[in-house]
Structures are given as structure tokens and as C-alpha cells.
Amino acid sequence: MSEHKDFLRTIVEKDLKSGKYKNIITRFPPEPNGFPHIGHAKSIAINFGIARDYNGYCNLRMDDTNPTTEDTRYVEALKDAVEWLGFKWEGDVRYTSDYFEKLYDWAVELVKMGKAYVDSLDEETMREYRGTVTESGRRSEYAKRSVEENLDLLERMKNGEFKDGAHVLRAKIDMSAPNMKMRDPLLYRIRHAHHYRAGDKWAIYPMYDFGHCLSDYIEGVTHSICTLEFENNRDIYDWVLDTLKLEPPRPYQHEFARLGINYTVMSKRKLLELVNEKRVSGWDDPRLPTIAGFRRRGYTPESILNFCDQIGIAKANSTVDFSQLEFCIRDDLNTKVPRVMCVLDPLKVTIENYEGSEELDAPYYPDDVPKEGARKVPFSKEIYIEREDFSENPPEGYYRLTLTQAVRLKHAYIITCKEIKKDRNGNITEIIAEYNPESKSGQDTSGIKVKSAIQWVDAVSAKKVEVRLYDRLYSCENPQSIEDLNPDSLKIIKNALIEPAVITEKPDVRFQFEREGYFYADPIDYTDANPVFNKIVGLKDSWGKKEKQQKPLTTRRTQPKKVQIEGETEPMSEHEQALFNKYTTELKLNSMVAEILARDNKLSSFYEDTLSANNSPITIANLVANEVARELKEKEIDELQFNPAQIAELVKILDNGTISNKIAKEVFEEMVKSGENPTQIVEAKGLIQISDTSVIEPIIDEIIAKNPDNVEKFRAGNTNLLGFFVGQVLKATDGKANPKVVNELVAQKLK
RNA sequence: UGGGGUAUCGCCAAGCGGUAAGGCCGCGGCUUUUGGUGCCGCUAUUCGGGGGUUCGAAUCCCUCUACCCCAUCCA
């Protein structure tokens, strides 16, 4: 766990500390109606991760309340995903469908309480009745049905006596609730459908809002973590649990932002479309952000988990750079997999002065990877190198083989180019080269320095392999439709050449093809006769990048600062205007403060009451407009712990210098909580301000002596540090030192 | 538009009145038989805008703006 906790862990810790819960129970509750993707991985990492971090446990629950879309194959995929990521759910897999009986009993209970009713409006009418976001809805006439009638109807719904859509069970909440979700939400609907687990037993199925909170409760879940789009549903979550008066403790819902990654799509609908329209080869197509896709591509669970860790958890909608994911898989594989040589686009090289053959020793791992292992690499007169590693007209900074530039064959000899052979069209078909017998890798006495070492394979022993080069699925950052698909997301190379050990020894399933990238033996299509490798990710390529980037770097510094349009504030009413005028002219308040007070009649009346007890208009105004305003945001005046007379008193001791502004805030906080008198608080806590320089000075000297680095930085021009020193002094005096005095003194001493 | 959210570097993201963390990307340099890795530097005088309170504001107050979610018998 990193040292900075995310907001969910902060909540969990607080709940543990306060004793709200003894143990933490979370759950990962997917609906089995689609294949899990990396967004699910984030949720899995959060839910299982929190349970692990706080010694609790996490359930895996299929939220299977909609029989028409769900299927066992998805259940399997979901279980598989969790396991692959290395997590264990508590006990057996749970299913909301296992709770149907209990859920139904609770529904009956709500009906008995008069909190739920059977509605028989048709779908369209119901929609009309719901109103809109700006207009309130109205309640169906059926809401007037008696408890007995509702009970009877509900039972018959359950028994399958009615057709789909004939009736629904709704919670009786508030048809004019500003939160649309609270306008008598549906609890049950009739569905004469076969459920993949419950079979044909049920003719009615619970809705998400009814089933989810209660399933959490049944399982003893403490923190029900879901994504942002359920924020509006939280009110129902609470309503159901509270209305049923269930025995505590009960779960609470918390929401985080779902994962978005650029150059790909994450919605079930769009993913399904890609698969159904055969734009990809299936759910496990290595270009897809599905768990199965990543797995087939060769990503490791560690890399995915690491990614989830790196991106953090917050409430702001965001889109993570694909490069972050690429970093994670490279970072993981770098220390794990063997390096081997594979030539994707072969160019024949004949080494004129070499005769016979030999087997060269080559370690699988570079020096900086602490792993053992080596293989033999056959070498002879005819070899293949990567076409890109030779250039007849090299650009500036080219390190590889040229007419005049020698290069090392990795693990072998240094060669120089003698002659180029071309076909009729001018394409290079072969290079005639010469090797230096003194330059053998590991026993080089030639003294030749080369700019680079390139990969190669021996012509006679190399094996032919198929290599599938995958790139981002879409060509734009924020793809909208299939038109944004990247036409080059898959390139298949049928005739790549690989050194024999990879095929014969099979030292691993993942490899780094030296200087190319990381590759994975395809778990499905790979056969000994036709080996297939998937490209997981390329190596970082600062040369390739430099080559492409010919266009001048646009100076991004001078971005157009976008002008922000100021909206109009509603004009003040006549009464407010009059107050405002009085405040600014008679009482000399600044116009901002005057406006805050004038526009809010709770504030203005509180202000005037305070003023009548202490004639200090400006200080009181500032206090009321800034501090009292915060308390009055969601409360009425008579709900406050403190009263105007106490504020008047606070202002008095503030005005006469007994306490500083900083202390005044502290005292105010205390008044908010306890309602005690300010003078008492000041006395009890000994908060009287220290303005005596002879007391303060030695403290400053001490702080300065303790922080020589910061003194230096300050003197070098970092004047922000003044705040640091003042803060330190204030901390040392428990906030009692007069900050103005401290400020002056510190500034003086640091000069 | 009523309600609920969110705004800190190109992308994520800490920060909760006292020195603007960290990661990715990018840019330099060193190391390197991978133009990889590793290491070392650099990259926000400023926190969506404007005001206010304060010795001191990303943090508190006011206000404006932008974006996301909600009117499925989906979850």
C-alpha cells in the first residue's frame, strides 16, 4: 500500500477507528451479462485490495436480477478474471438469485408498512407520470390501493398470474423528489423468463435498486463500493435499508470514478458491437481491453494490478494514457523474461571470409537482470539481419550497419559491409560482409568500437515463425464509432525468423525479442509446426521517435489562455439593495461582504443581532460572512449551538487584541461544537495571544537554527518560505504567538 | 433547465490554513554488446475564472464558468 491513502481507504480506516464496524467486508458484484474488462479489474483491485489491506474479506457476487441478459458463460469469465488477478473470494460465489426468497419477504414487508404498492400503469404512462428533471411527477391512482389488495396482487404477480408488464411493485417515496431516482422507484417487475440459475421458478424479478442494497446487507457487507453513475441511486439504497428498519450494522455505498483509457472503448455495448460485427476475432482478441484480451496478448496479472495501483482512486472522471499501461507491462517483463533474437523483416548477409559453423554462448538475460540461463546460438556464413538495420544512405545519428560503419552481431562478431546486391528495381537483396575474427563476443581483442549491436539469425538453423503485431485498436484518443478504428491494429508476419532455442528449448512463454519488444507464445494458435507469437508491447524506441519527429517542436508554452465568460449574477431585490446600501455607506463594509450579508436574510438578521450587542460592524461582518455563513449553509439560526451575543463577545476579545484572528477561528470551531462562551474557551485552553517580542524572539532563533537549508533557500529568493517559518513558530507556541509580530520579526531576522 | 457530482502539469494523482508530493509522457546527461534497462538532472511562482476573509489561501466564504450523471419494467 502506498503511503497516501485514497479516499475509500480513508473512509474505511475512519469507520474501523470509530468502531462503526469491527471487520471490513466488501464485494465485487458484476452482472453476468458481458465479459470483464480492465475497468472490472480496477473494481476488483479496489474491493479485494481493501479487504486484504484491512484484514477483512471480499465476496464475489453475481448480480443476476435480469434473466433476459445473463448467462453462465459470463459467470465463468468473471470468476476466471478474479482468479487470474490472484484474488480469492470468501466462501462460495454468491448470487443475488439465491436471495430471491428473502428479497420477496422484504417486499411483502414494505407493502405491509404501506411503503410499497402495486402499480398497473402501462410503461409509457408511467414515464409520463414520472415528470421531468425540472417538473415534478404525479402519483399513479393505483397507489391508493389497500395493503390487502397490494398483498394479493403481489402474491399473484409472483405466482405468474399476470402477463409481463401488467403490474409492477413500486416503493412509495416521493413523486416530486428532485432526485428522479426517488420518484417511486420500481422494486419488482414481471418477467416470464427462464433464469440461468433460478430456472422457471420466478415470474417476478427484483430491480437493481431493491436487490443490491439488501444483498449487501445479507452478506454483512460494510462498504458497498460502486462507480459514480450510481450516486443518484444512493438515496434509494439508504431508503430501503432504513425503511425496513434492519438490525444494524448496515452497509453504506461509496462511489469512485470508473476507468477510462484513451485509444480504446470500455462500454459493454461497444465491446459487444466489435465482437458481433467481427471487427475483432472474439472476446479474447488481443487488441481488446477485456481481461481475456489482455491475457491472450500476454499481459501479466501483476502488470494489470500495478496499473490499477498507479492510476489511483478518485471521484473525477478521467481518461488514463495508454502509455501508463504500456509502462506497467514493460516494467514487469523487463526483469522476468529471456532475451532472444528474432528477425521480422529478414535481409540476407553473406559473410565472405567465414567458413564452417560454430555455436556461440549467449545468456538469456542482460547483466542488469539478476537471472541465470543461457543457450547456444548457431552461427555460420549466411545469416539474416533486420532490413532496418542496414542503411545505404544513413540519416544523421544512425548507429547501425552502413557502407562505412561496422556493427556488432549480438553475441557474435563485428562485421563490415563490403558490397550490396540489388534487384532490378533497386531493392537490396543481399549484403556481402566481412567479419573480424578477433572480435568474438566475450573475447574481443580487435579494439574496434562499434555504435551498436544488432540481432540476427543463422540462415540454416533459424526457424520460421508467425508474428502478430498488435497496435492500438483505435487511431484516435477518444473513439466514437467503428470509423475511428485503427486499420493497422493488426499486422501478421508469416515469415519471421527466430533462433532455434526458442522453439526447441522453450525456456519461457514470454520473451523479449531483442531490440523489438515483448512477445508471447499464443496460447491457442501456437503449434510446434506453426509457432505463433503475439506482440505484447514494443520496447521504448527513442531512435524511432526521433526519426519520425521531423516537424519543428511547436512551442507549447504559449497556449491560448481561454477567456472565460462571466455569467450574470441575479440582481438584488429592492430590500436586499437597501440593506446593501446601508452596509456599505453607513457601516463602511466592503461591497463583497455587504452583498453576502444583504443577499441572505439568515445572515443579515444574525449580523444585525450581533451588531446590537457589540458595535464593531466590520469585524463582525467579516466573521459572519465567512465563518457563520458556513454553519448557516445547511442549518437554521435556531439550530446553531452559538448565538449572536457570543459572537459579539468573541469579536470583543478579538478587537481588543486578547486573541489573534487565528485563535478566533479555533475558538469559533469550539463554539460551533459545544456552544460554550468564547471567554471561557480562551481561558480553559489558555489561548491568550503572545505579542511580547522577548518571548517570541528566542523561539524564532531556535527555528532558524534548526532549518539552515530553508534559511539558505529563503535568502536565495524563495520568499514563499516566510510562511514556513511563521508556521513553525506558530506551531511551537500552539498558535498563540501573534502572527503579525512573528511575521515582522521573522522577515527582519532572515534578511 | 431541478437534483447529484467533479475541476491541481500533456495524462493520472497527493494535498484538508503554513516550502505545490509521486507516477506516466516529454527533454537533457551518464552507464550499457538491446537507440532497452538503470542512474542523475530538468519540466506548475501556481491549483477552472473573478472577488472576499487572513500575517499567510489549492485549502475558508461569495460568485461565475466548464464537464459528467439522473426522466430503462438495465445494472
Side-chain angles (χ1 to χ4, degrees), chain A residues 2 4 30-31 33 63 65-66 69 123 126-127 130-137 164-165 168 177-181 183 186 188-191 207-208 212 228-235 255 257 262 310-312 314-321 323-324 327 330 334-335 339 366-369 397 399-400 408 410-411 441 444 450-455 512 514-516 539-544 546 556 564-569 590 592-593 595-596 599 622-623 625-627 629-630 660-662 665 710 713 718 720-728 730-731 738-744:
Chain A
S2 52
H4 296 288
E31 183 191 13
N33 72 343
D63 204 1
T65 56
N66 185 357
T69 57
E123 216 173 316
M126 200 175 292
R127 207 188 323 276
R130 191 145 34 223
T132 67
V133 287
T134 49
E135 298 157 50
S136 69
D164 283 10
V168 291
N179 178 357
M180 295 292 295
K181 287 265 146 90
R183 320 251 256 229
L186 270 64
Y188 271 92
R189 78 288 215 187
I190 299 172
R191 280 273 148 95
M207 302 290 291
Y208 165 84
H212 202 93
L228 245 30
E229 66 270 27
F230 291 97
E231 272 175 325
N232 297 315
N233 300 58
R234 190 175 59 227
D235 283 346
E255 311 87 8
N262 54 13
Q310 284 187 13
I311 57 175
K315 295 192 73 151
N317 286 314
S318 56
T319 306
V320 178
D321 259 350
S323 62
Q324 188 101 25
F327 168 82
R330 279 192 204 111
N334 176 43
T335 55
R339 271 64 169 175
D367 291 338
D368 50 19
V369 173
Y399 290 173
R400 288 104 102 150
R408 171 174 296 281
K410 179 100 185 173
H411 304 303
S441 189
D444 184 353
V450 290
K451 284 252 173 56
S452 72
I454 62 172
Q455 73 273 31
Q512 185 194 103
E514 203 92 42
R515 301 208 308 137
E516 279 296 338
L539 253 30
K540 265 180 88 167
D541 181 10
S542 48
W543 169 248
K546 206 170 276 177
R556 239 189 252 146
Q564 201 165 115
I565 304 145
E566 274 299 288
E568 294 225 333
T569 316
N590 84 37
M592 192 68 234
V593 173
E595 198 177 326
I596 293 169
R599 276 178 181 281
N622 285 339
L623 204 71
N626 287 291
E627 312 301 320
R630 176 169 60 245
S660 65
N661 247 299
K662 190 184 174 80
K665 291 209 178 180
N710 282 340
K713 277 193 217 160
N718 189 347
N720 276 354
L721 285 165
L722 187 62
F724 164 75
F725 287 105
V726 175
Q728 291 295 309
L730 252 52
K731 200 185 244 176
N738 182 330
K740 270 188 214 170
V741 175
V742 175
N743 223 303
E744 280 166 27

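Just so we're on the same page: letters track the sequence lines, and every chain starts at 1.
A/Gln512 comes within 4.0 angstrom of a base, heavy atoms only. A/Asp367 comes within contact range of no nucleotide atom at all, as no heavy-atom separation falls under 4.0 Å. Note on A/Gly397: a base of the nucleic acid sits closer than 4.0 angstrom, heavy atoms only. Looking at heavy-atom distances under 4.0 Å, A/Glu514 makes contact with a base. Within 4.0 Å of A/Arg183, counting heavy atoms only, lies no atom of the nucleic acid at all. Among the atoms of the strands shown, only primed sugar atoms or phosphate atoms (P, OP1, OP2) are found under 4.0 Å from some heavy atom of A/Val320. Among the atoms of the strands shown, base atoms are found under 4.0 Å from some heavy atom of A/Val168. Residue A/Lys662 is in base contact, counting any heavy-atom pair closer than 4.0 Å across all strands shown. As judged by a 4.0 angstrom heavy-atom cut-off over every strand, A/Asp368 is placed among the base-contacting residues. Residue A/Thr319 is classed as a sugar-phosphate contact, given heavy-atom separations below 4.0 Å to backbone atoms only. Across all strands, A/Lys740 comes closer than 4.0 Å only to sugar-phosphate atoms, never to a base (heavy-atom distances). Within 4.0 Å (heavy atoms only), A/Ser323 reaches sugar-phosphate atoms of the nucleic acid but no base atom. No contact: A/Ser660 has no heavy atom under 4.0 Å from any strand. Counting any heavy atom pair closer than 4.0 Å across all strands shown, A/Gly567 reaches sugar-phosphate atoms only and no base atom.
Here A/Phe230 does not count as stacked on B/A75, because the ring centres are not under 5.5 angstrom apart with planes under 30°.
Atom NZ of A/Lys665 and atom C1' of B/U53 are 6 Å apart (whole Å). What separates CG of A/Asp321 from C1' of B/G23 is a distance of 12 Å, to the nearest Å. Here B/G51 presents its P atom at 16 Å from CG of A/Asn626, a figure rounded to the nearest Å. Note: NZ (A/Lys713) to P (B/U19) measures 11 Å, nearest angstrom. Counting to the nearest Å, the C1' atom of B/G38 and the CG atom of A/Leu539 are 14 Å from each other. One interatomic measurement links the two molecules: CH2 of A/Trp543 to P of B/U32, which rounds to 21 Å at whole-angstrom precision. Per the geometry, CZ belonging to A/Phe327 stands 12 Å off C1' belonging to B/G38, to the nearest Å. With rounding to whole Å, A/Glu595 atom CD is found 13 Å from B/G52 atom P.
At least one side-chain heavy atom of A/Trp543 sits under 4.5 Å from a side-chain heavy atom of A/Arg400.
The one candidate from A/Glu516, A/Glu514, A/Gln512 that meets the side chain to side chain contact (heavy atoms under 4.5 Å, CB included) condition with A/Leu539 is A/Gln512.
Closest to the A/Asn233 side chain, of the nucleotides B/C70, B/G48, B/A75, is B/A75. Closest contact between the side chain of A/Ala629 and the listed nucleotides B/U33, B/C61, B/C74 involves B/C61. Among the nucleotides B/U53, B/G18, B/C62, the one closest to any side-chain atom of A/Asn743 is B/G18. Candidate nucleotides B/A75, B/G5, B/C62 were compared by shortest atom distance to the side chain of A/Asn66, and B/A75 ranks first. Distances were taken from every side-chain heavy atom of A/Lys540 (C-beta onward) to each of B/C25, B/G35, B/G18; the shortest belongs to B/C25.
Contact annotation: A/Asn720 reaches the phosphate of B/A20 (side-chain N/O to OP1 or OP2, under 4.0 Å). Checking the phosphate oxygens (OP1, OP2) of B/G35, a side-chain nitrogen or oxygen of A/Arg515 falls inside 4.0 Å. Contact between the side-chain N/O atoms of A/Arg127 and the OP1/OP2 oxygens of B/U72 is found at a separation under 4.0 Å. A/Lys731 has no side-chain polar atom (N or O) that falls below the 4.0 Å cut-off from OP1 or OP2 of B/G17. Checking the phosphate oxygens (OP1, OP2) of B/U34, no side-chain nitrogen or oxygen of A/Ser452 falls inside 4.0 Å. When the side-chain nitrogen and oxygen atoms of A/Asn622 are compared with OP1 and OP2 of B/U54, one or more of them lie within a distance under 4.0 Å. Not one side-chain nitrogen or oxygen of A/Ser318 sits closer than 4.0 Å to the OP1 or OP2 atom of B/C11. Here A/Arg330 does not reach the OP1 or OP2 of B/G38: none of its side-chain N or O atoms lies under 4.0 Å away.
Side-chain to base pairing of A/Gln324 with B/G23: one donor and one acceptor N or O lie within less than 3.5 Å of each other. Taking only distance into account, the side chain of A/Asn232 meets the base of B/G3 through a donor-acceptor pair shorter than 3.5 Å. With hydrogens and angles ignored, no donor-acceptor pair closer than 3.5 Å exists between the side chain of A/Asp235 and the base of B/G4. On a pure distance criterion of 3.5 Å, no polar donor-acceptor pair joins the side chain of A/Gln310 and the base of B/G23. Under 3.5 Å, the side chain of A/Arg408 and the base of B/U33 form at least one donor-acceptor pair of N or O atoms.
The P atoms of B/C64 and B/G4 are separated by 15 Å, rounded to the nearest whole Å. Distance check on atom C1': B/G35 versus B/U45 gives 37 Å, rounded to whole Å. Comparing the C1' positions of B/G56 and B/C39 gives a spacing of 39 Å, expressed to the nearest Å. Comparing B/G18 with B/U54, their C1' atoms sit 12 Å apart, to the nearest whole Å. A gap of 29 Å separates the C1' atoms of B/G3 and B/G52, to the nearest Å. B/G51 sits 13 Å from B/A57 when the C1' atoms are compared, rounded to a whole Å. Distance noted for atom P between B/U34 and B/G48: 45 Å (whole Å). For the P atoms, the distance from B/A44 to B/A21 is 11 Å, rounded to whole Å.
Of the possible polar contacts, one joining the A/Asn590 side chain to the A/Val593 backbone as a donor-acceptor pair under 3.5 Å is found. Remark: side-chain polar atoms of A/Asp321 are not paired, donor with acceptor, to backbone N or O of A/Ser323 under 3.5 angstrom.
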Practice prompt. Could you check A/Asp63 against A/His212 for side-chain contact (heavy atoms from CB on, under 4.5 Å), going step by step and ending with a plain yes or no?
Written response: CA-CA 7 Å; A/Asp63 204 1; A/His212 202 93; 2.8 Å; yes
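Scanning both residues, A/Leu186 and A/Met126, for their nearest heavy atoms gives CD1-SD, 3.8 Å.
Relative orientation of the A/Tyr208 and A/Phe230 rings is tilted, given thresholds of 30° and 60° on the angle between their planes.
Pair assignment for B/A7 gives B/U65, based on Watson-Crick or G-U wobble hydrogen-bonding distances that are each under 3.5 Å.
Comparing A/Ala316 and A/Arg339 by the nucleotide of RNA chain B whose heavy atom lies nearest to each, the residue mapping closer to the 5' end is A/Ala316. When the nearest nucleotides of RNA chain B are assigned to A/Leu722 and A/Arg191 by heavy-atom distance, the more 5′-ward of the two goes with A/Leu722.
Taking 90° from 0 as the syn/anti boundary, the base of B/U8 is oriented anti.
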Can you give me the N/O atom pairs linking the protein to nucleotides 66-68 of chain B at distances under 3.5 Å, or say none if there are none?
from: B/C68; atom 1: O2'; to: A/Asn317; atom 2: ND2; distance (Å): 3.1

